[in-house]
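Notes follow once the structure below has been shown.
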Amino acid sequence: MKLLFTASEAYPLIKTGGLADVAGSLPEVLRQSGVDVRLLLPAYADLLDSIDTVPATVVEMDLAGQEVRILETRLPDTPLVTWLVDHPLLSGRPGNPYHDAQGIPWPDNAERFMLLSRAAAQISCGHSDLDWRPDVLHCNDWHTGPAIALAKMDERCPLTVFTIHNLAHMGLFDRDTFNRLQLPEQLWSDDALEFYDNCSFLKGGLVYADYITTVSPGYAEEICYAPGGMGLEGLLGARRDRLVGILNGIDAGTWNPATDAYIEQHYDAASLDAKALNKSALQQSLGLAERTDQPLLGFVGRLAEQKGLELMLPVLEQILELPAQLVFLGTGETDYEQGLQVLADTHPRAIAVVLAYNESLAHRIEAGADIFLMPSLFEPCGLNQLYSLRYGTLPLVRAVGGLADTVVDADAEAVANGTATGFVFRKPGPGDFLAAVQRACQHWRDRDGWRALQLTAMAQDFSWQQSAERYIELYRSAVN
Ligand code: ADP
Ligand code: GLC
């Protein structure tokens with residue numbers, strides 16, 4: 001089975017969020033299971049800087065009049081063959097793949113990701129000198145949606161799978177942009193890419209893929225109805241028989257407290273007391289008071305509405321009074337960044353705020369915090385709660401999407417029967433969030449009870465194996 005897996009980011013080459021974690025781990029697990037996988041990514045400038053491999057293959061391709069080169073490398077620390085679409089629109093611009101330093105999307109994103117999509121479609125349909133053609137084209141999120149639409153118009157189209165990591169990002173561009181892209185006019189239709197007078201790249205995947213997957217069973221259900229479907233519930237509901245929820249796995253090598261290279265002190269379920277050293281190291285490095293008698297609550301993520309900032313910000317000072325300490329790591333919307341910074345300036349020994357993208361600190365928060373906050377308004381899967389479970393840092397989540405699928409609330413029954421792994425609340429309001437935090441902090445004070453919850457959390461298996469098999473089954477059923 002030959003598979004072309006394409007995405008706009010993959011860890012460790014280029015990462016802004018969970019998509020990179022998935023695209024940087026699932027293809028390699030599939031390869032280890034016997035699938036002949038090629039990973040296709042844009043050759044961003046920063047990515048080219050980070051790899052020292054000399055490109056082994058250079059293939060020139062003409063994509064609607066634009067010459068691109070396909071460079072070949074390996075995903076670092078793996079034998080996974082990775083192809084990079086090299087064109088000045090992608091490789092000529094350092095920085096974030098999607099936007100400038102102010103968070104404003106690059107004005108030519110439509111052209112940039114259309115190049116990636118055209119390359120994926122051409123390779124998939126055998127129109128390249130690469131001497132390799134897949135049985136399955138697997139695309140991810142809006143950046144690669146048009147690849148499926150374009151491949152479908154070719155008689156040599158392989159089977160196609162499209163994964164939704166986040167329906168909120170639809171890749172919307174206006175009619176003038178659509179014209180500039182020189183796409184077949186038939187794609188400007190409600191049954192194709194058109195979405196309320198715009199062109200949606202995401203719809204390319206949703207309309208044309210043989211199978212649509214999304215990253216948790218819960219989210220697969222939510223998006224077939226309003227408001228979770230964000231206007232696409234009609235289309236998704238109509239394709240329900242082709243829509244599957246497959247839970248994301250985690251890279252159990254990168255996210256393992258027993259071997260994590262970023263953290264102060266290694267630990268596992270048998271040496272859980274050692275986790276405390278990570279807490280004091282974290283407090284010290286962030287200028288927090290080194291208290292062992294208060295829980296430390298952590299957040300890592302994009303500072304976006306999706307992540308529940310509106311639930312948290314109004315009650316953070318009340319959380320400090322419980323008492324508890326807080327650490328936030330993230331970048332995103334200016335209002336949220338400023339709101340957090342003001343609180344950190346007012347309570348420097350109790351709240352630490354780091355407005356940056358920092359891989360090492362993300363690991364140190366997972367290891368050093370007691371409770372991990374993830375009160376998302378919606379969450380297709382979420383990876384941080386899975387990392388938290390593995391690190392014995394109990395997740396506090398809202399009951400949506402992948403969060404509801406992966407965290408078992410510590411209610412009386414689940415505590416009694418030993419299945420509880422965290423704290424789950426329902427209503428999207430600051431009061432409900434605060435009540436859940438109060439409840440979690442009360443549990444934390446019961447040291448033996450807390451230890452039992454941590455051990456159950458750490459025993460959960462969210463490694464890729466099971467989910468990778470489900471993808472392989474899907475590819476097989478599609479190919480057959
Ligand atoms: P999403 O993809 O919606 O952003 P996920 O929970 O699936 O959310 O994945 C987010 C990933 O990005 C995690 O690996 C998380 O650790 C990482 N991450 C997000 N923000 C930061 C940051 N500021 N610094 C370091 N890592 C971050
Ligand atoms: C998205 C989602 C997140 C998911 C990630 C990887 O960015 O917001 O919930 O875990 O993709 O699939």
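Predicted model only: the values in this text are computed from it and were never measured. When a ligand or atom number is given, it counts from 1 through the structure's own listing order.
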Are any of the side-chain nitrogens in [X] or [Y] under 4.0 Å away from the carboxylate oxygens of its partner?
X: D260; Y: R390; value: no
X: R426; Y: D432; value: no
X: K152; Y: D210; value: yes
X: R240; Y: E233; value: no
X: E290; Y: K279; value: no

Mind listing the closest non-hydrogen atom pair of [X] and [Y] along with its distance?
X: V136; Y: M1; value: CG2-SD, 3.9 Å
X: D405; Y: G218; value: OD2-N, 2.7 Å
X: G228; Y: L167; value: O-CD2, 3.7 Å
X: L19; Y: S8; value: CD2-OG, 3.6 Å
X: L84; Y: A43; value: CB-CB, 3.7 Å
X: Y267; Y: A274; value: CB-CB, 4.0 Å

Please confirm whether [X] comes within less than 3.5 Å of ligand 1 when only nitrogen or oxygen atoms on both sides are compared.
X: A362; answer: no
X: T331; answer: no
X: N166; answer: no
X: D21; answer: yes
X: T16; answer: no
X: M374; answer: no

| remark: Taking only non-hydrogen atoms of G382 and a 4.0 Å limit, the atoms of ligand 1 in range are 6 (O), 7 (O)

| field | Under 4.0 Å to a heavy atom of Y387 - the qualifying atoms of ligand 1, by number | value | 14 (O)

Please state which protein non-hydrogen atom is closest to [atom] and give its distance, to 0.1 Å?
atom: atom 19 (C) of ligand 1; value: G301 CA, 3.7 Å
atom: atom 21 (C) of ligand 1; value: Y357 CE1, 3.5 Å
atom: atom 4 (O) of ligand 1; value: R302 NE, 2.8 Å
atom: atom 1 (C) of ligand 2; value: H165 O, 3.1 Å
atom: atom 3 (C) of ligand 2; value: E379 OE2, 3.3 Å
atom: atom 25 (C) of ligand 1; value: N358 O, 3.3 Å
atom: atom 2 (O) of ligand 1; value: G18 N, 2.7 Å
atom: atom 4 (C) of ligand 2; value: G382 N, 3.7 Å

| task | Heavy-atom distances under 4.0 Å are what count here, so tell me which part of N248 touches ligand 2: side chain, backbone, both or neither. | result |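 N248 to ligand 2: side-chain contact only, backbone stays beyond 4.0 Å.
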
Would you check whether [X] reaches within less than 4.0 Å of ligand 1, judged by its heavy atoms?
X: E366; value: no
X: G330; value: yes
X: K307; value: yes
X: A356; value: yes
X: Y11; value: no
X: K15; value: yes

| Does an N or O from Q306, backbone or side chain, lie closer than 3.5 Å to an N or O of ligand 2? | yes

| Any nitrogen or oxygen of V22, main chain or side chain, under 3.5 Å from a nitrogen or oxygen of ligand 2? |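 Min N/O separation from ligand 2 is not below 3.5 Å for V22.
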
| query | Which of the numbered atoms in ligand 2 are below 4.0 angstrom from a heavy atom of L19? | reply | 6 (C)

| Derivation of the side chain to side chain contact (heavy atoms under 4.5 Å, CB included) call for Y208 and F162 | CA-CA 9 Å; Y208 292 97; F162 182 75; over 6 Å; no

| Among R31, K2, H138, whose side-chain contact (heavy atoms from CB on, under 4.5 Å) with V37 holds? | R31

| task | Please indicate whether Q466 has more than 12 foreign heavy atoms, meaning atoms of other residues, nucleotides or ligands, lying under 6.0 Å from its CD. | result | no

| Is the count of non-hydrogen atoms from other residues, nucleotides or ligands lying under 6.0 Å from D77 atom CG greater than 12? |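 Atom CG in D77 is not packed in, count stays at 12 or less.
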
| note | Among N384, L383, L19, the residue with a heavy atom nearest to atom 16 (O) of ligand 1 is N384

| query | How about Y262 and E366: does a side-chain donor come under 3.5 Å of a side-chain acceptor? | reply |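 No pair is found: no donor N or O on one side chain lies under 3.5 Å from an acceptor on the other.
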
